[in-house]
Amino acid sequence: MAATLAVGHSEWAVPDLVPAPGSTPAPAGPAGPRPQVPVRFRRRLPARRVLPEAPALFGWLGRRFAPGEATVWTGAPYAIDRLLELLYAGNALAHGRISLVEGANRFNPYRIVEQGQALGLEPDPVLDGIHLARAFTAYQLVALVDGWSAEARRHRPTLLIGHELPTLFDNPEELPPEEREPLLRYVSERLADLVEGTGLPLLLTVAGGLVAFPGLSEAGPRFSDLIRLIPRPVGVELGSVREGRRLLMVYRPPGQRGLEEFAPADATEEVNPWAAPLPPTGRHSRNG
């Protein structure tokens, strides 16, 4: 089982880029910033087949995506990673396909399979629907983003995901500090070209917020929504900037009834179980 899980998702090649000695200029992008107002939102219909409508958490998250626009998750890294693993499984439940650029090297197939099993899915459909590209240096990540549009046209995903892309730009031993901001601004521009050219929804996780990703709000894709994940004593709160709505994910033992059953239909806050024990399934994965 371990060998199957390790190779169950597909990967595309990472270019072998070695920067020349000395200062490396930023790749040549469009002249000047794009004529965009920072953090603009435009209302559109949700993208199709990103997530199913049920359970309720998937319906809430799915309505934050739109074709040709970016959704940004910020906040606690552990909460982002847990929610992202659940999203991978939910996308498989909707028969979707994901194109993922991994910038933090935190892709855990075992946990993703466990989330899929909790939804009644076998391991292979969950992992086979994820096309993964790992970058280990900032220069590799720039090259992957440059080739992302062509990769998306070949594999026809339903959702694009960039997981913690700025992380690789924070090591001064590999990247001179003066190159960080120009390179990230160039990446932002290329992401805008990506969603405009493919018409696909894009999810970007940026734990440090927009300040950690220079250029994203000015030169990057148009935003569908920005979701903040905030730890609370009872769980994690998700806040939608576009709609001003909140969703509270709390621990709920199996069989316990939730407060959302008694909430009025027009409530601005929703409650969903968070980090609850997984229900028993017929198959179990092992880390080894």
Side-chain angles (χ1 to χ4, degrees), residues 12 14-15 17 19 23-30 33-34 36 38-40 64 69-85 87-88 98-108 132-149 151-152 159-195 200-231 241:
W12 76 76
V14 178
L17 296 183
S23 177
T24 303
R34 294 177 177 273
Q36 290 183 313
V39 193
R40 294 185 301 169
R64 272 71 200 170
E69 299 181 356
T71 299
V72 181
W73 290 359
T74 70
Y78 80 91
I80 289 176
D81 289 352
R82 291 291 300 275
L83 189 60
L84 192 58
E85 291 162 358
L87 182 142
Y88 293 141
I98 289 173
S99 178
L100 167 65
V101 172
E102 174 60 64
N105 198 24
R106 294 204 299 264
F107 183 84
N108 188 329
L132 169 66
R134 300 175 191 265
F136 298 97
T137 69
Y139 303 101
Q140 287 180 345
L141 191 140
V142 170
L144 287 175
V145 173
D146 274 332
W148 205 349
S149 290
E151 194 66 29
L159 176 63
L160 308 170
I161 299 180
H163 180 231
E164 300 301 328
L165 302 186
T167 302
L168 293 171
F169 296 79
D170 294 334
N171 186 351
E173 296 181 359
E174 295 183 357
L175 182 72
E178 63 271 16
E179 293 182 22
R180 180 182 184 274
E181 183 170 334
L183 280 174
L184 281 172
R185 287 185 175 274
Y186 175 76
V187 168
S188 299
E189 294 170 354
R190 297 299 292 157
L191 292 175
D193 294 337
L194 169 69
V195 298
L200 293 170
L202 168 67
L203 170 62
L204 296 172
T205 71
V206 189
L210 297 181
V211 68
F213 204 142
L216 184 61
S217 60
E218 301 91 0
R222 186 184 298 272
F223 286 6
S224 172
D225 206 346
L226 189 149
I227 307 298
R228 295 191 176 99
L229 281 74
I230 305 172
V241 171

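The minimum heavy-atom distance between S224 and R64, with the atom names listed, is OG-O, 3.0 Å. Minimum interatomic distance between A212 and R180 (heavy atoms only, all atoms of both residues): O-NH2, 3.0 Å. The two atoms that bring R185 and G215 nearest to each other are NH1-CA, 3.5 Å, heavy atoms only. Between A104 and T167, the closest heavy-atom pair is CB-OG1, 4.3 Å. Minimum heavy-atom separation, P221 to V195: CB-CG2, 3.6 Å. Residues W148 and G162 approach most closely at CH2-N, 4.0 Å, considering heavy atoms.
Rounding to the nearest 0.5 angstrom, the gap separating the OH atom in Y139 from the CG atom in L175 is 4.5 Å. In this structure, CG on L194 lies 7.5 Å from CG on L200, to the nearest 0.5 angstrom. With values rounded to the nearest 0.5 angstrom, L160 atom CG is found 10.0 Å from L100 atom CG. Remark: I227 CD1 to I80 CD1 distance equals 11.0 Å, nearest 0.5 Å.
Between V145 and L141, some side-chain heavy-atom pair lies under the 4.5 Å cut-off. Between S188 and E218 there is no side-chain heavy-atom pair separated by less than 4.5 Å. Looking only at side-chain heavy atoms (C-beta outward), T137 and L168 stay at 4.5 Å or farther from each other. F213 is not listed as a side-chain neighbour of V72, based on a closest heavy-atom distance of 4.5 Å or more. Counting only heavy atoms from C-beta outward, the side chains of V241 and F223 never approach each other to under 4.5 Å. Counting heavy atoms from C-beta outward, W73 and I161 have side chains that stay 4.5 Å or more apart. Contact check for Y186 versus D146: side-chain heavy atoms found under the 4.5 Å cut-off. Side-chain contact between D193 and R190 is present, with heavy atoms from C-beta onward closer than 4.5 Å.
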Could you go through the side-chain contact (heavy atoms from CB on, under 4.5 Å) check for L203 and L84 one step at a time? CA-CA 10 Å; L203 170 62; L84 192 58; 3.8 Å; yes

Please report the C-alpha distance between L144 and R134 in whole Å, then the side-chain angles of each, then the deciding distance to 0.1 Å, and finally whether the side-chain contact (heavy atoms from CB on, under 4.5 Å) criterion is met. CA-CA 9 Å; L144 287 175; R134 300 175 191 265; over 6 Å; no

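No side-chain donor-acceptor contact under 3.5 Å links T74 to the backbone of V206. Side-chain atoms of Q140 come within 3.5 Å of backbone atoms of F136 as a donor-acceptor pair (strictly under, hydrogens ignored). Formation of a donor-acceptor pair under 3.5 Å by the T205 side chain with backbone atoms of E164 is found in this model.
Heavy-atom neighbours of R228 CZ from other residues, nucleotides or ligands within 6.0 Å: at or below the threshold of 12.
By the 4.0 Å N-to-carboxylate-O rule, R106 lies too far from E102 to be salt-bridged with it.
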